[in-house]
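Inspection log for the structure reproduced underneath, given as C-alpha coordinates.
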Amino acid sequence: MALIFSLILFISAAVSSAAADGGYGFSVEMIHRDFPKSPLFNASETHYHRIADALRRSISRERVSLTDTGKAPIYSSGGAYVVKISLGTPPFSIVAVADTGSNIIWTRCKPCPNCHKQIEPMFDPSKSSTYKLVPCSSPNCSISGLESSCSSESMCEYSTSYYDGTHSKGDIAVDTVTMGSTSGHPVAFPRTVIGCGHDNVAAFGSKISGIVGLGHGPASLVQQMGPATGGKFSYCLVPVGKSNNSSYLNFGSNAIVSGFGAVSTPFYTSAIDYFKGFYVLKVEAMSVGSNKFKFTNTLLLETNGNIIIDSGTTLTYIPMETYANFSNAISKLIDLNPTTSPIQFLNYCYETTTNDYKVPPVTVHFEGGDVNLERENLFIRVAKNVVCLAFVGRKDMFIYGNIAQTNFLVGYDIKKSSVSFKPSNCATL
Ligand SMILES: *[C@@H]1O[C@H](CO)[C@@H](O)[C@H](O)[C@H]1NC(C)=O
Ligand SMILES: *[C@@H]1O[C@H](CO)[C@@H](O)[C@H](O)[C@H]1NC(C)=O
Ligand SMILES: *[C@@H]1O[C@H](CO)[C@@H](O)[C@H](O)[C@H]1NC(C)=O
Ligand SMILES: *[C@@H]1O[C@H](CO)[C@@H](O)[C@H](O)[C@H]1NC(C)=O
Ligand SMILES: *[C@@H]1O[C@H](CO)[C@@H](O)[C@H](O)[C@H]1NC(C)=O
(Lines give C-alpha, C1' and ligand atoms only; values in the text may rest on other atoms or scores of the structure.)
(Ligands and ions follow the chains in the order given, each with its own letter.)
Protein backbone atom coordinates (compact mmCIF):
# COMPACT_ATOMS: atom_id res chain seq x y z
CA MET A 1 0.00 0.00 0.00
CA ALA A 2 2.77 2.40 0.99
CA LEU A 3 4.39 1.72 -2.34
CA ILE A 4 1.26 2.64 -4.24
CA PHE A 5 0.95 5.89 -2.37
CA SER A 6 4.53 6.90 -2.80
CA LEU A 7 4.02 6.71 -6.56
CA ILE A 8 0.89 8.80 -6.58
CA LEU A 9 1.25 12.52 -6.81
CA PHE A 10 -1.44 14.09 -4.68
CA ILE A 11 -2.94 17.34 -5.83
CA SER A 12 -4.60 19.03 -2.90
CA ALA A 13 -6.52 22.24 -2.58
CA ALA A 14 -3.26 23.85 -1.46
CA VAL A 15 -1.47 23.53 -4.77
CA SER A 16 1.69 25.51 -5.35
CA SER A 17 1.49 28.79 -7.19
CA ALA A 18 3.37 27.24 -10.10
CA ALA A 19 0.56 24.75 -10.50
CA ALA A 20 -2.02 27.50 -10.17
CA ASP A 21 -0.42 29.18 -13.19
CA GLY A 22 -0.95 26.00 -15.16
CA GLY A 23 2.71 25.07 -14.64
CA TYR A 24 1.72 21.54 -13.85
CA GLY A 25 0.53 19.14 -16.51
CA PHE A 26 -0.14 15.50 -17.32
CA SER A 27 -1.66 13.38 -20.08
CA VAL A 28 -3.72 10.21 -20.21
CA GLU A 29 -4.68 7.90 -23.06
CA MET A 30 -8.10 8.55 -24.57
CA ILE A 31 -9.17 5.61 -26.70
CA HIS A 32 -11.82 5.58 -29.41
CA ARG A 33 -14.27 2.81 -28.57
CA ASP A 34 -13.66 1.23 -31.98
CA PHE A 35 -9.88 1.03 -31.61
CA PRO A 36 -8.33 -2.38 -30.81
CA LYS A 37 -7.15 -1.12 -27.39
CA SER A 38 -10.69 -0.23 -26.31
CA PRO A 39 -12.54 -2.65 -24.04
CA LEU A 40 -15.49 -2.30 -26.42
CA PHE A 41 -13.54 -3.39 -29.49
CA ASN A 42 -15.21 -6.39 -31.10
CA ALA A 43 -12.68 -8.05 -33.43
CA SER A 44 -15.35 -10.12 -35.16
CA GLU A 45 -17.21 -7.03 -36.33
CA THR A 46 -16.21 -5.47 -39.63
CA HIS A 47 -14.79 -1.97 -39.77
CA TYR A 48 -17.85 -0.75 -41.71
CA HIS A 49 -20.22 -2.35 -39.26
CA ARG A 50 -18.53 -0.28 -36.52
CA ILE A 51 -18.82 2.89 -38.60
CA ALA A 52 -22.51 2.29 -39.22
CA ASP A 53 -22.98 1.75 -35.47
CA ALA A 54 -21.11 4.97 -34.66
CA LEU A 55 -23.35 6.88 -37.06
CA ARG A 56 -26.46 5.34 -35.60
CA ARG A 57 -25.32 6.38 -32.13
CA SER A 58 -24.57 9.88 -33.38
CA ILE A 59 -28.05 10.21 -34.81
CA SER A 60 -29.72 9.02 -31.63
CA ARG A 61 -27.59 11.46 -29.67
CA GLU A 62 -28.44 14.46 -31.76
CA ARG A 63 -32.15 13.78 -31.49
CA VAL A 64 -32.03 15.59 -28.19
CA SER A 65 -33.18 18.66 -30.06
CA LEU A 66 -36.28 16.91 -31.30
CA THR A 67 -37.48 16.50 -27.76
CA ASP A 68 -38.58 19.07 -25.25
CA THR A 69 -35.31 20.70 -24.30
CA GLY A 70 -36.75 22.25 -21.19
CA LYS A 71 -36.78 18.81 -19.57
CA ALA A 72 -34.18 16.93 -17.53
CA PRO A 73 -30.74 16.30 -19.04
CA ILE A 74 -31.14 13.64 -21.66
CA TYR A 75 -28.26 14.55 -23.90
CA SER A 76 -26.93 11.18 -24.89
CA SER A 77 -23.44 9.91 -24.43
CA GLY A 78 -22.85 7.23 -27.00
CA GLY A 79 -19.36 6.75 -25.64
CA ALA A 80 -17.09 7.66 -28.51
CA TYR A 81 -13.90 7.97 -26.41
CA VAL A 82 -12.98 6.25 -23.17
CA VAL A 83 -10.35 6.88 -20.47
CA LYS A 84 -9.11 4.85 -17.51
CA ILE A 85 -9.51 6.42 -14.09
CA SER A 86 -9.34 5.08 -10.56
CA LEU A 87 -11.66 5.80 -7.67
CA GLY A 88 -11.15 5.56 -3.93
CA THR A 89 -8.42 4.34 -1.59
CA PRO A 90 -6.88 1.95 -2.54
CA PRO A 91 -7.41 3.09 -6.15
CA PHE A 92 -9.97 0.99 -8.04
CA SER A 93 -9.58 1.20 -11.80
CA ILE A 94 -12.55 1.71 -14.15
CA VAL A 95 -12.98 2.57 -17.83
CA ALA A 96 -15.28 5.54 -18.39
CA VAL A 97 -16.57 7.55 -21.33
CA ALA A 98 -14.77 10.92 -21.60
CA ASP A 99 -17.41 13.36 -22.72
CA THR A 100 -17.40 17.12 -23.26
CA GLY A 101 -21.20 16.89 -23.29
CA SER A 102 -21.41 15.68 -19.66
CA ASN A 103 -20.88 17.53 -16.41
CA ILE A 104 -20.45 14.96 -13.66
CA ILE A 105 -18.25 11.94 -12.94
CA TRP A 106 -20.35 8.87 -12.21
CA THR A 107 -19.80 5.15 -12.02
CA ARG A 108 -21.79 2.02 -11.33
CA CYS A 109 -21.47 1.19 -7.63
CA LYS A 110 -22.06 -1.80 -5.38
CA PRO A 111 -24.65 -2.73 -4.37
CA CYS A 112 -26.42 -2.56 -7.71
CA PRO A 113 -29.39 -4.90 -7.36
CA ASN A 114 -30.64 -4.41 -10.91
CA CYS A 115 -27.26 -4.67 -12.62
CA HIS A 116 -26.48 -7.76 -14.67
CA LYS A 117 -24.34 -10.25 -12.77
CA GLN A 118 -21.61 -10.18 -15.41
CA ILE A 119 -20.92 -6.50 -14.74
CA GLU A 120 -17.67 -6.95 -12.88
CA PRO A 121 -15.60 -5.49 -11.48
CA MET A 122 -17.65 -2.70 -9.93
CA PHE A 123 -16.59 0.05 -7.54
CA ASP A 124 -17.43 -0.91 -3.96
CA PRO A 125 -17.56 2.25 -1.83
CA SER A 126 -17.46 0.22 1.41
CA LYS A 127 -13.90 -0.80 0.46
CA SER A 128 -12.66 2.75 0.01
CA SER A 129 -11.30 4.46 3.13
CA THR A 130 -11.70 7.93 1.59
CA TYR A 131 -15.30 7.56 0.39
CA LYS A 132 -17.77 9.91 2.11
CA LEU A 133 -21.43 10.53 1.47
CA VAL A 134 -22.45 14.18 1.15
CA PRO A 135 -25.15 15.60 3.43
CA CYS A 136 -27.97 17.49 1.70
CA SER A 137 -26.93 20.62 3.55
CA SER A 138 -23.43 20.64 1.95
CA PRO A 139 -22.71 22.90 -1.00
CA ASN A 140 -21.28 19.76 -2.62
CA CYS A 141 -24.83 18.49 -2.90
CA SER A 142 -26.08 21.24 -5.16
CA ILE A 143 -22.99 21.60 -7.38
CA SER A 144 -23.84 18.49 -9.34
CA GLY A 145 -26.37 20.56 -11.26
CA LEU A 146 -28.45 17.40 -11.53
CA GLU A 147 -31.82 16.56 -10.17
CA SER A 148 -30.78 15.99 -6.59
CA SER A 149 -32.87 14.75 -3.72
CA CYS A 150 -32.42 13.73 -0.11
CA SER A 151 -32.36 10.24 1.31
CA SER A 152 -34.20 9.46 4.54
CA GLU A 153 -30.85 9.99 6.30
CA SER A 154 -30.62 13.49 4.72
CA MET A 155 -27.85 12.40 2.38
CA CYS A 156 -27.53 13.78 -1.15
CA GLU A 157 -28.74 11.69 -4.08
CA TYR A 158 -28.67 12.29 -7.84
CA SER A 159 -30.38 11.11 -10.95
CA THR A 160 -29.23 11.68 -14.53
CA SER A 161 -30.48 10.38 -17.85
CA TYR A 162 -29.43 10.55 -21.48
CA TYR A 163 -31.39 10.30 -24.67
CA ASP A 164 -29.95 6.92 -25.67
CA GLY A 165 -31.61 5.34 -22.64
CA THR A 166 -28.57 5.56 -20.36
CA HIS A 167 -29.48 6.61 -16.86
CA SER A 168 -27.91 6.52 -13.44
CA LYS A 169 -29.29 7.09 -9.96
CA GLY A 170 -27.44 6.93 -6.67
CA ASP A 171 -25.48 8.78 -4.01
CA ILE A 172 -23.50 11.96 -4.39
CA ALA A 173 -20.21 11.33 -2.58
CA VAL A 174 -16.68 12.65 -2.34
CA ASP A 175 -13.68 10.41 -2.95
CA THR A 176 -10.23 10.44 -4.48
CA VAL A 177 -10.05 10.29 -8.28
CA THR A 178 -6.71 9.07 -9.65
CA MET A 179 -5.59 9.22 -13.25
CA GLY A 180 -2.64 7.26 -14.59
CA SER A 181 -0.46 9.64 -16.52
CA THR A 182 1.77 8.92 -19.49
CA SER A 183 4.77 9.97 -17.39
CA GLY A 184 4.17 6.89 -15.23
CA HIS A 185 3.19 8.90 -12.14
CA PRO A 186 -0.50 8.65 -11.36
CA VAL A 187 -2.13 11.93 -10.35
CA ALA A 188 -4.68 11.96 -7.54
CA PHE A 189 -7.46 14.45 -6.83
CA PRO A 190 -8.76 13.95 -3.28
CA ARG A 191 -12.30 14.99 -2.26
CA THR A 192 -13.72 14.98 -5.76
CA VAL A 193 -17.49 15.01 -5.98
CA ILE A 194 -18.68 11.85 -7.78
CA GLY A 195 -21.96 10.08 -8.44
CA CYS A 196 -22.05 6.52 -7.10
CA GLY A 197 -24.81 4.87 -9.13
CA HIS A 198 -26.79 2.06 -7.53
CA ASP A 199 -29.48 1.98 -10.21
CA ASN A 200 -28.14 2.22 -13.74
CA VAL A 201 -28.94 1.44 -17.33
CA ALA A 202 -26.05 2.08 -19.68
CA ALA A 203 -26.31 2.09 -23.45
CA PHE A 204 -22.51 1.74 -23.57
CA GLY A 205 -22.69 -1.83 -22.25
CA SER A 206 -21.11 -3.70 -19.38
CA LYS A 207 -17.42 -3.07 -20.05
CA ILE A 208 -17.59 0.65 -19.40
CA SER A 209 -18.43 1.71 -15.86
CA GLY A 210 -19.50 5.31 -16.16
CA ILE A 211 -18.90 8.79 -17.52
CA VAL A 212 -16.20 11.38 -16.90
CA GLY A 213 -17.72 14.78 -17.63
CA LEU A 214 -15.39 17.23 -19.40
CA GLY A 215 -18.01 19.98 -19.67
CA HIS A 216 -17.60 23.26 -17.79
CA GLY A 217 -20.34 22.69 -15.22
CA PRO A 218 -19.19 22.92 -11.57
CA ALA A 219 -19.04 19.14 -11.00
CA SER A 220 -17.17 18.24 -14.19
CA LEU A 221 -13.68 16.75 -13.85
CA VAL A 222 -12.02 19.85 -15.29
CA GLN A 223 -13.79 22.28 -12.98
CA GLN A 224 -13.06 20.13 -9.96
CA MET A 225 -9.35 19.88 -10.85
CA GLY A 226 -9.54 23.67 -10.91
CA PRO A 227 -6.42 25.26 -9.46
CA ALA A 228 -4.15 22.30 -10.23
CA THR A 229 -4.65 22.38 -13.98
CA GLY A 230 -5.73 26.02 -14.37
CA GLY A 231 -8.96 24.95 -16.10
CA LYS A 232 -7.10 23.71 -19.18
CA PHE A 233 -7.45 20.46 -21.10
CA SER A 234 -6.90 19.39 -24.67
CA TYR A 235 -7.18 16.33 -26.88
CA CYS A 236 -6.00 15.22 -30.28
CA LEU A 237 -8.29 12.65 -31.92
CA VAL A 238 -6.70 10.07 -34.23
CA PRO A 239 -8.95 9.37 -37.25
CA VAL A 240 -10.50 5.89 -37.04
CA GLY A 241 -9.12 3.37 -39.51
CA LYS A 242 -5.83 5.14 -40.36
CA SER A 243 -3.70 3.91 -37.46
CA ASN A 244 -4.15 2.12 -34.18
CA ASN A 245 -2.25 4.74 -32.19
CA SER A 246 -3.95 6.20 -29.14
CA SER A 247 -5.41 9.65 -28.75
CA TYR A 248 -4.43 11.65 -25.67
CA LEU A 249 -6.27 13.81 -23.19
CA ASN A 250 -3.98 16.46 -21.70
CA PHE A 251 -4.39 18.64 -18.63
CA GLY A 252 -2.76 21.79 -17.26
CA SER A 253 0.49 22.89 -18.88
CA ASN A 254 0.33 19.85 -21.22
CA ALA A 255 -2.90 21.27 -22.63
CA ILE A 256 -1.63 24.61 -23.91
CA VAL A 257 -2.39 24.93 -27.61
CA SER A 258 -0.25 27.60 -29.23
CA GLY A 259 2.33 28.15 -31.94
CA PHE A 260 2.14 28.03 -35.71
CA GLY A 261 -1.35 27.40 -37.08
CA ALA A 262 -3.17 27.66 -33.74
CA VAL A 263 -6.40 29.68 -33.77
CA SER A 264 -8.56 30.54 -30.82
CA THR A 265 -12.28 31.26 -30.55
CA PRO A 266 -14.39 32.20 -27.51
CA PHE A 267 -16.89 29.77 -26.03
CA TYR A 268 -20.25 30.87 -24.67
CA THR A 269 -22.50 29.48 -21.98
CA SER A 270 -26.13 28.84 -22.75
CA ALA A 271 -28.70 30.64 -20.59
CA ILE A 272 -30.78 27.45 -20.65
CA ASP A 273 -30.00 25.27 -17.59
CA TYR A 274 -30.15 22.17 -19.70
CA PHE A 275 -27.27 23.32 -21.95
CA LYS A 276 -25.24 25.26 -19.37
CA GLY A 277 -22.27 22.87 -19.15
CA PHE A 278 -21.75 22.70 -22.93
CA TYR A 279 -19.12 24.59 -24.91
CA VAL A 280 -21.00 26.78 -27.38
CA LEU A 281 -18.84 28.25 -30.16
CA LYS A 282 -19.76 30.77 -32.81
CA VAL A 283 -19.37 29.92 -36.49
CA GLU A 284 -19.84 33.00 -38.67
CA ALA A 285 -19.66 31.26 -42.04
CA MET A 286 -18.28 28.30 -43.96
CA SER A 287 -16.38 28.46 -47.24
CA VAL A 288 -15.93 26.04 -50.10
CA GLY A 289 -13.24 27.43 -52.37
CA SER A 290 -14.12 31.10 -52.86
CA ASN A 291 -17.81 30.67 -51.97
CA LYS A 292 -18.69 31.81 -48.49
CA PHE A 293 -21.95 30.75 -46.82
CA LYS A 294 -23.32 32.50 -43.78
CA PHE A 295 -24.27 30.53 -40.70
CA THR A 296 -27.67 31.24 -39.22
CA ASN A 297 -28.01 31.54 -35.49
CA THR A 298 -30.13 29.42 -33.25
CA LEU A 299 -32.48 30.78 -30.64
CA LEU A 300 -32.50 27.49 -28.79
CA LEU A 301 -29.27 28.04 -26.85
CA GLU A 302 -30.02 31.63 -25.76
CA THR A 303 -26.46 32.82 -26.08
CA ASN A 304 -24.12 34.50 -28.58
CA GLY A 305 -22.76 31.22 -29.87
CA ASN A 306 -24.52 28.94 -32.32
CA ILE A 307 -22.80 25.52 -32.31
CA ILE A 308 -21.94 23.05 -29.53
CA ILE A 309 -18.52 21.42 -29.81
CA ASP A 310 -18.81 17.82 -28.67
CA SER A 311 -16.33 14.93 -28.47
CA GLY A 312 -19.12 12.35 -28.33
CA THR A 313 -21.07 13.22 -31.50
CA THR A 314 -19.70 11.75 -34.73
CA LEU A 315 -21.17 13.95 -37.49
CA THR A 316 -21.33 17.74 -37.74
CA TYR A 317 -24.77 19.39 -37.82
CA ILE A 318 -25.10 22.79 -39.49
CA PRO A 319 -28.05 25.06 -40.35
CA MET A 320 -30.26 23.74 -43.15
CA GLU A 321 -29.71 26.80 -45.41
CA THR A 322 -25.93 26.74 -44.95
CA TYR A 323 -25.90 23.00 -45.58
CA ALA A 324 -27.84 23.31 -48.84
CA ASN A 325 -25.28 25.75 -50.30
CA PHE A 326 -22.29 24.04 -48.70
CA SER A 327 -23.09 20.52 -49.96
CA ASN A 328 -24.06 21.88 -53.35
CA ALA A 329 -20.71 23.68 -53.67
CA ILE A 330 -18.81 20.56 -52.62
CA SER A 331 -20.67 18.39 -55.11
CA LYS A 332 -19.86 20.87 -57.90
CA LEU A 333 -16.15 21.03 -57.08
CA ILE A 334 -15.34 17.45 -56.14
CA ASP A 335 -13.92 15.26 -58.87
CA LEU A 336 -15.61 11.97 -57.92
CA ASN A 337 -18.68 10.12 -59.16
CA PRO A 338 -21.73 10.46 -56.94
CA THR A 339 -23.27 7.22 -55.76
CA THR A 340 -26.32 6.18 -53.79
CA SER A 341 -25.75 6.27 -50.08
CA PRO A 342 -25.47 2.97 -48.25
CA ILE A 343 -26.45 4.87 -45.08
CA GLN A 344 -29.87 6.41 -45.14
CA PHE A 345 -29.21 9.80 -43.56
CA LEU A 346 -26.01 10.70 -45.42
CA ASN A 347 -26.94 12.27 -48.74
CA TYR A 348 -23.67 13.17 -50.45
CA CYS A 349 -21.73 10.00 -51.21
CA TYR A 350 -19.01 9.34 -53.79
CA GLU A 351 -17.24 6.39 -55.30
CA THR A 352 -13.57 5.99 -54.52
CA THR A 353 -11.38 3.16 -53.31
CA THR A 354 -8.27 5.25 -52.66
CA ASN A 355 -7.69 7.52 -49.70
CA ASP A 356 -5.87 10.15 -51.78
CA TYR A 357 -8.91 11.67 -53.45
CA LYS A 358 -8.93 15.45 -53.77
CA VAL A 359 -11.44 17.61 -51.92
CA PRO A 360 -12.12 21.33 -52.44
CA PRO A 361 -10.65 23.69 -49.81
CA VAL A 362 -13.13 24.06 -46.94
CA THR A 363 -12.86 26.63 -44.16
CA VAL A 364 -14.90 27.05 -41.00
CA HIS A 365 -14.92 30.74 -40.05
CA PHE A 366 -15.12 30.74 -36.27
CA GLU A 367 -15.37 34.03 -34.44
CA GLY A 368 -11.75 35.15 -34.22
CA GLY A 369 -10.17 32.55 -36.47
CA ASP A 370 -10.42 30.31 -39.52
CA VAL A 371 -10.04 26.54 -39.37
CA ASN A 372 -9.22 24.72 -42.63
CA LEU A 373 -10.68 21.24 -42.86
CA GLU A 374 -8.89 18.32 -44.48
CA ARG A 375 -10.32 15.33 -46.31
CA GLU A 376 -10.63 13.24 -43.12
CA ASN A 377 -12.67 16.02 -41.47
CA LEU A 378 -15.15 16.21 -44.34
CA PHE A 379 -15.75 12.65 -45.46
CA ILE A 380 -16.24 9.33 -43.77
CA ARG A 381 -15.59 6.03 -45.54
CA VAL A 382 -18.72 3.92 -45.15
CA ALA A 383 -17.78 1.09 -47.55
CA LYS A 384 -14.66 -0.13 -49.38
CA ASN A 385 -15.54 2.04 -52.38
CA VAL A 386 -17.78 4.78 -50.90
CA VAL A 387 -17.11 7.95 -48.92
CA CYS A 388 -19.87 10.26 -47.67
CA LEU A 389 -19.96 13.88 -46.54
CA ALA A 390 -19.96 13.80 -42.72
CA PHE A 391 -22.13 16.93 -42.43
CA VAL A 392 -25.88 17.05 -41.93
CA GLY A 393 -28.34 19.96 -42.21
CA ARG A 394 -30.58 20.76 -39.24
CA LYS A 395 -33.14 23.32 -38.21
CA ASP A 396 -32.29 24.39 -34.69
CA MET A 397 -29.43 22.56 -33.01
CA PHE A 398 -25.90 22.67 -34.41
CA ILE A 399 -23.07 20.41 -33.26
CA TYR A 400 -19.39 20.36 -34.19
CA GLY A 401 -18.74 16.60 -34.09
CA ASN A 402 -15.61 14.51 -33.66
CA ILE A 403 -14.87 13.74 -37.33
CA ALA A 404 -14.44 17.49 -37.93
CA GLN A 405 -12.07 17.58 -34.92
CA THR A 406 -9.72 14.70 -35.86
CA ASN A 407 -6.10 15.67 -36.48
CA PHE A 408 -6.51 18.92 -34.59
CA LEU A 409 -5.12 19.57 -31.18
CA VAL A 410 -8.27 20.98 -29.58
CA GLY A 411 -7.59 22.99 -26.41
CA TYR A 412 -10.16 24.20 -23.87
CA ASP A 413 -9.38 27.01 -21.46
CA ILE A 414 -12.19 27.48 -18.97
CA LYS A 415 -10.64 30.56 -17.33
CA LYS A 416 -10.30 32.38 -20.64
CA SER A 417 -13.53 30.89 -22.04
CA SER A 418 -11.77 29.86 -25.22
CA VAL A 419 -11.30 26.85 -27.47
CA SER A 420 -8.22 26.58 -29.70
CA PHE A 421 -7.55 24.46 -32.77
CA LYS A 422 -4.14 23.55 -34.10
CA PRO A 423 -3.71 21.23 -37.12
CA SER A 424 -1.67 18.23 -35.90
CA ASN A 425 -0.92 14.66 -36.87
CA CYS A 426 -2.51 13.13 -33.79
CA ALA A 427 -1.21 9.60 -34.44
CA THR A 428 2.38 10.75 -34.02
CA LEU A 429 1.96 13.05 -31.00
C1 LIG B 1 -19.24 -9.06 -31.83
O2 LIG B 1 -19.79 -8.90 -33.12
C3 LIG B 1 -20.44 -10.07 -33.61
C4 LIG B 1 -20.83 -9.81 -35.07
O5 LIG B 1 -21.64 -8.64 -35.17
C6 LIG B 1 -21.64 -10.39 -32.70
O7 LIG B 1 -22.29 -11.56 -33.17
C8 LIG B 1 -21.15 -10.62 -31.27
O9 LIG B 1 -22.25 -10.79 -30.41
C10 LIG B 1 -20.33 -9.41 -30.82
N11 LIG B 1 -19.73 -9.71 -29.52
C12 LIG B 1 -19.89 -8.93 -28.47
C13 LIG B 1 -19.17 -9.37 -27.24
O14 LIG B 1 -20.56 -7.90 -28.50
C1 LIG C 1 -16.82 19.66 -1.11
O2 LIG C 1 -16.76 19.87 0.29
C3 LIG C 1 -15.47 19.95 0.81
C4 LIG C 1 -15.57 19.99 2.31
O5 LIG C 1 -16.64 20.82 2.71
C6 LIG C 1 -14.77 21.17 0.26
O7 LIG C 1 -13.44 21.26 0.73
C8 LIG C 1 -14.73 21.01 -1.27
O9 LIG C 1 -14.18 22.16 -1.84
C10 LIG C 1 -16.11 20.78 -1.84
N11 LIG C 1 -15.96 20.40 -3.23
C12 LIG C 1 -16.54 21.08 -4.19
C13 LIG C 1 -16.26 20.58 -5.57
O14 LIG C 1 -17.29 22.04 -3.99
C1 LIG D 1 -5.31 -2.07 -36.24
O2 LIG D 1 -5.51 -3.26 -35.48
C3 LIG D 1 -6.40 -4.16 -36.08
C4 LIG D 1 -6.68 -5.30 -35.11
O5 LIG D 1 -5.58 -5.58 -34.30
C6 LIG D 1 -5.81 -4.66 -37.42
O7 LIG D 1 -6.69 -5.56 -38.02
C8 LIG D 1 -5.61 -3.44 -38.31
O9 LIG D 1 -4.97 -3.82 -39.51
C10 LIG D 1 -4.76 -2.38 -37.62
N11 LIG D 1 -4.79 -1.16 -38.44
C12 LIG D 1 -3.72 -0.45 -38.72
C13 LIG D 1 -3.90 0.73 -39.61
O14 LIG D 1 -2.60 -0.72 -38.28
C1 LIG E 1 -27.39 30.16 -50.54
O2 LIG E 1 -27.36 30.40 -51.92
C3 LIG E 1 -28.46 31.19 -52.35
C4 LIG E 1 -28.41 31.25 -53.86
O5 LIG E 1 -27.11 31.52 -54.35
C6 LIG E 1 -28.37 32.58 -51.72
O7 LIG E 1 -29.47 33.37 -52.10
C8 LIG E 1 -28.39 32.41 -50.20
O9 LIG E 1 -28.20 33.65 -49.57
C10 LIG E 1 -27.31 31.44 -49.75
N11 LIG E 1 -27.48 31.17 -48.35
C12 LIG E 1 -26.46 31.23 -47.46
C13 LIG E 1 -26.80 30.87 -46.05
O14 LIG E 1 -25.33 31.56 -47.76
C1 LIG F 1 2.23 5.56 -34.27
O2 LIG F 1 3.10 6.01 -33.26
C3 LIG F 1 4.46 5.72 -33.49
C4 LIG F 1 5.22 6.11 -32.25
O5 LIG F 1 4.93 7.43 -31.87
C6 LIG F 1 4.93 6.47 -34.74
O7 LIG F 1 6.28 6.19 -35.00
C8 LIG F 1 4.08 6.02 -35.91
O9 LIG F 1 4.42 6.78 -37.06
C10 LIG F 1 2.58 6.22 -35.60
N11 LIG F 1 1.79 5.63 -36.66
C12 LIG F 1 1.14 6.40 -37.56
C13 LIG F 1 0.35 5.64 -38.59
O14 LIG F 1 1.17 7.60 -37.57
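Both ligands and their constituent atoms are indexed starting at 1 by order of listing.
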Identify the protein heavy atom lying closest to atom 5 (O) of ligand 4, giving its residue, its atom name and the separation to 0.1 Å.
N325 ND2, 4.9 Å
For atom 7 (O) of ligand 3, state whether the nearest protein heavy atom is under 4.0 Å away.
no
Stepwise side-chain contact (heavy atoms from CB on, under 4.5 Å) check, V283 with T322:
CA-CA 11 Å; V283 171; T322 318; over 6 Å; no
Considering only the protein, which heavy-atom contact is closest to atom 9 (O) of ligand 5, and what is its distance?
T428 CG2, 4.0 Å
Output for pair (F326 CZ, M286 CE), nearest 0.5 Å, gives 3.5 Å
Flag atom 14 (O) of ligand 5 as yes if some protein heavy-atom distance to it falls below 4.0 Å, otherwise no.
yes
Got the closest protein heavy atom to atom 4 (C) of ligand 3, with its distance?
P36 CG, 3.9 Å
Are Y400 and F366, when compared by the centres of their aromatic rings, separated by less than 6.0 Å?
yes
By side-chain hydrogen bond (donor to acceptor under 3.5 Å, both in side chains), which residues pair with N306, not counting sequence neighbours?
N297
If the cut-off is 4.0 Å to any non-hydrogen atom of S243, which atoms of ligand 5 fall inside it?
13 (C)
Run down the list N245, N425, N244 and name the one with the heavy atom closest to atom 12 (C) of ligand 5.
N245
Rounded at 0.5 Å granularity, tell me how far CG in L346 sits from OG in S341.
5.5 Å
Are the aromatic ring centres of F278 and F267 under 6.0 angstrom apart?
no
Considering all protein heavy atoms, does one lie under 4.0 Å from atom 2 (O) of ligand 5?
yes
Does a donor on one side chain sit under 3.5 Å from an acceptor on the other, for T100 and D310?
yes
As an exercise, identify every atom of ligand 5 less than 4.0 angstrom from a heavy atom of A427.
1 (C), 2 (O), 10 (C), 12 (C), 14 (O)
